[in-house]
Amino acid sequence: YASDRIRNFSIIAHVDHGKSTLADRLLELTGTIRKGHGQPQYLDKLQVERERGITVKAQTATMFHKHNFLGTDTEFLLNLVDTPGHVDFSYEVSRSLAACQGALLVVDAAQGVQAQTVANFYLAFESNLTIIPVINKIDQPTADPDRIKAQLKSMFDLDPSEALLTSAKTGQGLEQVLPSVIERIPPPPGKSNSPLRMLLLDAYYDEYKGVICHVAVVDGALRKGEKISSAGTGQSYEVLDVGIMHPELTPTGVLLTGQVGYIVSGMRSTKEARVGDTLYHTRSTVEPLPGFKPAKHMVFSGLYPADGSDFEALNHAIERLTCNDASVSVTKESSSALGMGFRCGFLGLLHMDVFHQRLEQEYGAHVISTVPTVPYIFEYADGSKKHIHNPATLPSNPKQRVTACWEPTVLATIIIPSEYVGSVITLCSERRGEQLEYSFIDSQRAFMKYRLPLREIVVDFYNELKSITSGYASFDYEDADYQASDLVKLDILLNGQPVDAMATIVHRLKAQRVGRELVEKLKKFIDRQMFEITIQAAIGSKVIARETVSAMRKNVLAKCYGGDVTRKRKLLEKQKEGKKRMKRVGSVDIPQEAFNELLKVS
Ligand code: GTP
């Protein structure tokens, strides 16, 4: 395939506007997957993705399509690069777009432009992609394509006459999609007679084949058996297998200029496969391609085995999982309350949730996660600065005075029906937000931009926003600068002992309320034990909230009159079982749910 017969494109959309369904229809239309066979939503592979209806990892598929081009029937090779549909993964979106020359911007014909439509539009626009607007779900009774066309014009200056009207459900209008891709999106611009340059798009570990890299051949060509080197690591490899995703791995022996495909090259771990790296023929000299901005970890949390003896199992599970998700950072840490564990950095809260869920579902690991924290910076009287990813590492009574602290902020885009403007403004100001922009998309929808401290949106912001707007708000954010803030460390003490894994960092003005809520939550979840338990929240040595769980003796043997020893033992063992999901901190048993509940206090 000469590159003028190749098109590389992706589909971008707000969550639920029909991106995956449309992708499936295109794969069916081209015979890449059989109609009605296989898994619905081919591109959403992971179990969590299907459960939550979100795409987490970008998948790519190649399809072939005959099209009458300049008077002759010509077969085109079309690479569809899938993009994740959630705010946490905008890094993966820009990564996928790097291999494309165009994008289908899918907008729901009833809901119209939403926050992620805006965010994704700008990512594609800044990558200089040709954008084809697709107004989808026109079969819905509430569909109003003309209103959406007007929105596309006023928000993005897109020509309404260029919008395609489709229903990925009934199939209406789908026949125009691929011809538009072929006619409007330019072919990949690389040079076939230049030395090979490949962009490493993604990598994952396959049990049988080892590390599989997704690549885009920018210049030149790659053949099986050739030697390649990485510009990033300097390592060299032999190409053992090369091919396309059609949609399963299909060996072709060669990848030509402009093609997107996979290679297997004997890499031992995905750590060697740096996303954004340039691969080239060993012994040739090439200018590396512009890489990607590295993923920024916005949320950190400690992960500990729920049962102390499972540390090795958790270690193994985390290693396996990070093999396929290099965007999670992992360092070992230890907590006096929870023992040995890991500090993990995530792209956002959903990313953290998904990781957590995959650990449990795919690896059967039981984990306790500590309150998520964002990365803070503290400055001390001697001028030294410290980056804090774990509140426990911030001394409660520092030897030196803290002279300044900074917290990360985000620029948030919120789109809502106009009647909810008042309550959203209230929510954002409670969350210490600063309004930057307030306008209207059309007569029914308002558009707002806020600067918000990241900490304030990490915990439950999106749920709250959804609930005060009856589910109508859409929300997206990008990371912004650090801002000076007045932060304090909030300790939780059980019977006078601080529990390091429960410490949090909060704004001084919120400390009282958060402290109160935390001790109340904990009181509900800590069962009565054989002694009285005091639960306190404190800033330094000052206690700001306190609750008590009174003592009780739970006599499980009370029912066992008579002297049946085996029965007694059984009961005692049952009680021990019940304790498995507990953590003993000092002398207090804390159930796993108590830790989970702490995550919900903002
Ligand atoms: P993410 O994977 O989370 O990014 O969502 P998505 O944009 O891929 O949306 P998806 O394809 O999963 O579709 C969301 C829902 O809309 C599903 O229940 C689809 O069945 C439905 N849907 C998709 N296209 C159409 C359409 O043209 N008409 C109607 N009525 N429903 C559609």
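Keep in mind that the numbers below use all heavy atoms, side chains included, and drop hydrogens, waters and symmetry copies. First listed ligand is number 1; within each ligand, the first listed atom is number 1.
For ligand 1, the polar-atom distance check finds an N/O of Lys169 within less than 3.5 Å of one of the ligand's N/O atoms. Ligand 1 has no nitrogen or oxygen under 3.5 angstrom from a nitrogen or oxygen of Leu22. Residue Ala13 has no nitrogen or oxygen atom sitting less than 3.5 Å from a nitrogen or oxygen atom of ligand 1, judged on distance alone.
Taking a cut-off of under 4.0 Å to the non-hydrogen atoms of Ser20, the atoms of ligand 1 that pass are 2 (O), 6 (P), 8 (O), 11 (O). Short contacts between ligand 1 and Gly18, defined as distances under 4.0 Å to a heavy atom of the residue, involve ligand atoms 6 (P), 7 (O), 9 (O), 10 (P), 11 (O), 13 (O), 23 (C). Counting the atoms of ligand 1 from 1 in the order shown, those under 4.0 Å from a heavy atom of Val15 are 3 (O). Against a heavy-atom cut-off of under 4.0 Å, Asn136 is close to the following atoms of ligand 1: 24 (N), 25 (C), 27 (O).
Looking at Lys149 and Glu162, no side-chain N of the basic residue comes within less than 4.0 Å of a carboxylate O on the acidic one, giving no salt bridge. Note on Lys137 versus Asp108: salt bridge recorded, some NZ/NE/NH1/NH2 to OD/OE distance being below 4.0 Å. A salt bridge is absent between Arg455 and Glu407: the closest approach of a Lys/Arg side-chain nitrogen to an acidic carboxylate oxygen does not fall below 4.0 angstrom. A salt bridge links Arg320 to Glu207: one of the charged nitrogens lies within less than 4.0 Å of a carboxylate oxygen. With respect to the salt-bridge test (charged N to carboxylate O, under 4.0 angstrom), the residues Asp442 and Arg147 qualify.
In terms of heavy atoms, His17 sits closest to Gly112 at CE1-O, 3.3 Å.
At a heavy-atom cutoff of 4.0 Å, ligand 1 is contacted by both the backbone and the side chain of Asp16.
Among Lys137, His17, His14, the residue whose heavy atom sits closest to atom 31 (N) of ligand 1 is Lys137.
Aromatic rings of Phe475 and Phe461 (six-membered ring for Trp) have centroids within the 6.0 Å cut-off, being under it.
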